[in-house]
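So the structure is just underneath, and the comments pick up after that.
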Amino acid sequence: MVRRIDVCGSGGVRLAAWEFADPPKRPCGAGEGGSGAVLLLHGLMGRAAHWAETARWLSGRHRAVALDQRGHGRSERPAEGPYTRDAYIADAVAAIECLDLAPAVLIGHAMGALTAWQLAARRPDLVRALVICDMRASALGAATQREWGEWFRSWPVPFATLADVRKWFAEGDPTLERPRPARGDYYAEIMAERADGWRPAFSRRQMLQARETYAHDAHWEELALVECPALVVRGPDGELGRAEAQEMVRVLPRGRYAEVPDAGHLVHYEQPEGWRRAVESFLESVLPA
């Protein structure tokens with residue numbers, strides 16, 4: 001079972017949070033955080049639904065909530081933003097406080113992982129543990145922003161069918177080195193049907209705005225301020241290289257490392273069993289029974 005809970009984010013932006021359980025464990029404000037509540041933060045272009053499988057197995061032992069971040073999923077897409085680091089962090093804080101999740105375990109993928117560790121650095125009182133999935137601490141660089149703009153323009157929108165979406169992102173995308181079926185399923189989740197076919201459910205302009213606010217900077221200093229136990233997870237074919245991931249573990253005061261075999265950037269989507277083993281083992285070691 002899943003239920004939607006509306007949260008008032010930074011600047012009054014309406015955010016959609018999704019609680020996964022059968023039945024949901026507690027209503028908003030019930031104080032479930034002390035037993036290991038989990039807030040899941042998706043990556044750029046993602047949505048809370050991408051965490052459905054993870055949230056369902058987490059909900060067996062924890063209160064599991066996934067957040068549609070501003071500009072994504074069912075959350076509000078303010079035309080002028082802001083789509084800044086401060087806004088995303090403040091939104092996550094608002095979700096933790098409204099839903100009474102603190103101290104929460106934060107699990108983030110890509111941009112969501114950056115939001116998670118920046119929040120943990122700024123508000124250690126709200127965070128019990130942290131899982132960082134395939135997000136670099138080094139600056140991504142201006143060139144990558146141009147590449148993303150070109151990539152967005154290469155999308156053959158509108159797609160006639162969802163099958164076409166899956167095929168293009170799994171096989172036809174020129175940035176792919178080899179077919180990745182799970183990637184097609186991932187992108188099918190973020191499309192919406194329009195009168196002329198299937199198009200992204202988000203504004204690509206807003207996604208570039210959001211990425212602009214973190215692509216040019218390194219984030220090592222904030223990583224070093226994370227006091228709670230933290231797990232860095234990567235796949236061999238992901239964007240986070242092994243050497244950088246291990247350096248992140250070294251910089252984190254209480255860092256640990258996990259590698260999921262045969263996974264790329266979408267670790268939790270491509271290898272859900274390996275992802276589950278890595279995360280469950282970490283949580284069992286850092287949370288009280």
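In this text the structure is predicted, and so the values were computed from the model without any measurement.
To the nearest 0.5 Å, the span separating SG on C228 from CG on D125 amounts to 11.5 Å. Distance OG/S154 to CH2/W168: 4.0 Å, rounded to 0.5 Å. Atoms CG and CD, on L283 and E280 in that order, are 8.0 Å from each other to the nearest 0.5 Å. Going from atom SG of C133 over to atom CG of L40 covers 11.0 Å, rounded to the nearest 0.5 Å. In this structure, CH2 in W148 is found 9.5 Å from OG1 in T175, a value given to the nearest 0.5 Å. Here Q118 contributes atom CD and L223 contributes atom CG; the two are 10.0 Å apart, rounded to the nearest 0.5 Å.
Checked against the 6.0 Å centroid criterion, the rings of H268 and W51 qualify as a close aromatic pair.
Between the side chain of E239 and the backbone N or O of D134 there is no donor-acceptor pair closer than 3.5 Å. At least one donor-acceptor pair closer than 3.5 Å links the side chain of H62 to the backbone N or O of G36. For the pair E222 (side chain) and W117 (backbone), a donor-acceptor distance under 3.5 Å is absent. Under the 3.5 Å distance criterion, the side-chain polar atoms of E270 are matched with a main-chain donor or acceptor of G264. Side chain of Q271 to backbone of D262: a donor-acceptor contact under 3.5 angstrom is found. At distances below 3.5 Å, not a single donor-acceptor pair connects side-chain atoms of S281 with backbone N or O atoms of A278. With hydrogens and angles disregarded, no donor-acceptor distance shorter than 3.5 Å links the side chain of R70 to the backbone of R14. Although no hydrogens or angles enter the test, the distance criterion places no donor-acceptor pair under 3.5 Å between the side chain of S59 and the main chain of A64. Judged by distance alone, with hydrogens and angles left aside, the side-chain atoms of H50 form a donor-acceptor pair with the main-chain N or O of Y186 at under 3.5 Å. Under a 3.5 Å cut-off, the side chain of Y88 and the backbone N or O of L114 do not form any donor-acceptor pair.
Counting heavy atoms from C-beta on, the side chains of L15 and D6 never come closer than 4.5 Å. Taking the side chain as every heavy atom from C-beta outward, M111 and M135 never approach each other to under 4.5 Å. The side-chain heavy atoms of L130 and V105, taken from C-beta on, include no pair separated by under 4.5 Å. The shortest distance between side-chain heavy atoms of L119 and V93 falls below 4.5 Å. You'll find the side chain of Y269 reaches within 4.5 Å of the side chain of E189, heavy atoms only. Inter-residue side-chain proximity for D237 and R178 is flagged as met; some heavy-atom pair is nearer than 4.5 Å. Looking at heavy atoms from C-beta onward, L41 lies in side-chain contact with Q69 at the 4.5 angstrom threshold. At a threshold of 4.5 Å between non-hydrogen side-chain atoms, the residues V286 and L231 do not count as touching.
Note on R183 versus D185: no salt bridge recorded, every NZ/NE/NH1/NH2 to OD/OE distance being 4.0 Å or above. Using a cutoff of 4.0 Å between basic side-chain nitrogens and carboxylate oxygens, E273 and R276 are not scored as salt-bridged. No salt bridge links E227 with R254; every basic N to acidic carboxylate O contact stays at or beyond 4.0 Å. Looking at R242 and E247, no side-chain N of the basic residue comes within less than 4.0 Å of a carboxylate O on the acidic one, giving no salt bridge.
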Intermediate values then yes/no, side-chain hydrogen bond (donor to acceptor under 3.5 Å, both in side chains), R256 and S285: CA-CA 11 Å; R256 303 186 191 183; S285 69; 2.6 Å; yes
side-chain hydrogen bond (donor to acceptor under 3.5 Å, both in side chains) assessment of W18 paired with D68: CA-CA 8 Å; W18 304 86; D68 274 334; 2.9 Å; yes
Check against side chain to side chain contact (heavy atoms under 4.5 Å, CB included), R128 and L287: CA-CA 8 Å; R128 180 185 294 273; L287 296 181; 2.8 Å; yes
Step-by-step side chain to side chain contact (heavy atoms under 4.5 Å, CB included) determination, V7 to D91: CA-CA 9 Å; V7 173; D91 286 346; over 6 Å; no
From CA spacing to verdict: side-chain hydrogen bond (donor to acceptor under 3.5 Å, both in side chains), T84, D86: CA-CA 5 Å; T84 62; D86 286 344; 5.5 Å; no
Side chain to side chain contact (heavy atoms under 4.5 Å, CB included) between I96 and L106, worked out: CA-CA 10 Å; I96 292 171; L106 300 184; 3.9 Å; yes
Check against side chain to side chain contact (heavy atoms under 4.5 Å, CB included), M191 and F202: CA-CA 8 Å; M191 295 290 161; F202 50 79; 5.9 Å; no
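Residues meeting the side-chain hydrogen bond (donor to acceptor under 3.5 Å, both in side chains) test with R74, sequence neighbours left out: none. Checked against side chain to side chain contact (heavy atoms under 4.5 Å, CB included), A90 has the following partners two or more places apart in sequence or in another chain: S10. Residues meeting the side chain to side chain contact (heavy atoms under 4.5 Å, CB included) test with E244, sequence neighbours left out: R136, A137, S138, W220, L240, M248.
Considering E80, R77, H72 in turn, R77 is the only one that fulfils the side-chain contact (heavy atoms from CB on, under 4.5 Å) rule with Q206.
Closest heavy-atom contact between A66 and F20: CB-CE1, 4.0 Å. Shortest non-hydrogen contact noted between R234 and Y257 is CD-OH, 3.3 Å. V13 and P78 get closest at one heavy-atom pair: CG2-CG, 4.0 Å. Taking all atoms of both residues into account, the shortest heavy-atom contact from A224 to P253 is O-CG, 3.4 Å. Residues V226 and A121 share a closest heavy-atom pair of CG2-N, 4.3 Å. Contact detail for V131 and W275: the closest heavy-atom pair is CG1-CH2, 4.0 Å.
Within 6.0 Å of CD in E177 there are 12 or fewer heavy atoms belonging to other residues, nucleotides or ligands.
Side-chain heavy atoms closer than 4.5 Å link hydrophobic residues (I, L, V, M, F, W, Y) into clusters, and following such links, even through other members, never connects V232 to L225. Grouping the Ile, Leu, Val, Met, Phe, Trp and Tyr side chains by contacts below 4.5 angstrom, directly or via other members, places W151 with Y214.
Side-chain contact check for R166 and T161: no donor-acceptor pair (N or O, by modelled atom type) lies under 3.5 Å.
The aromatic rings of W155 and Y187 sit perpendicular to each other, their planes meeting at more than 60°, with 30° as the lower class boundary.
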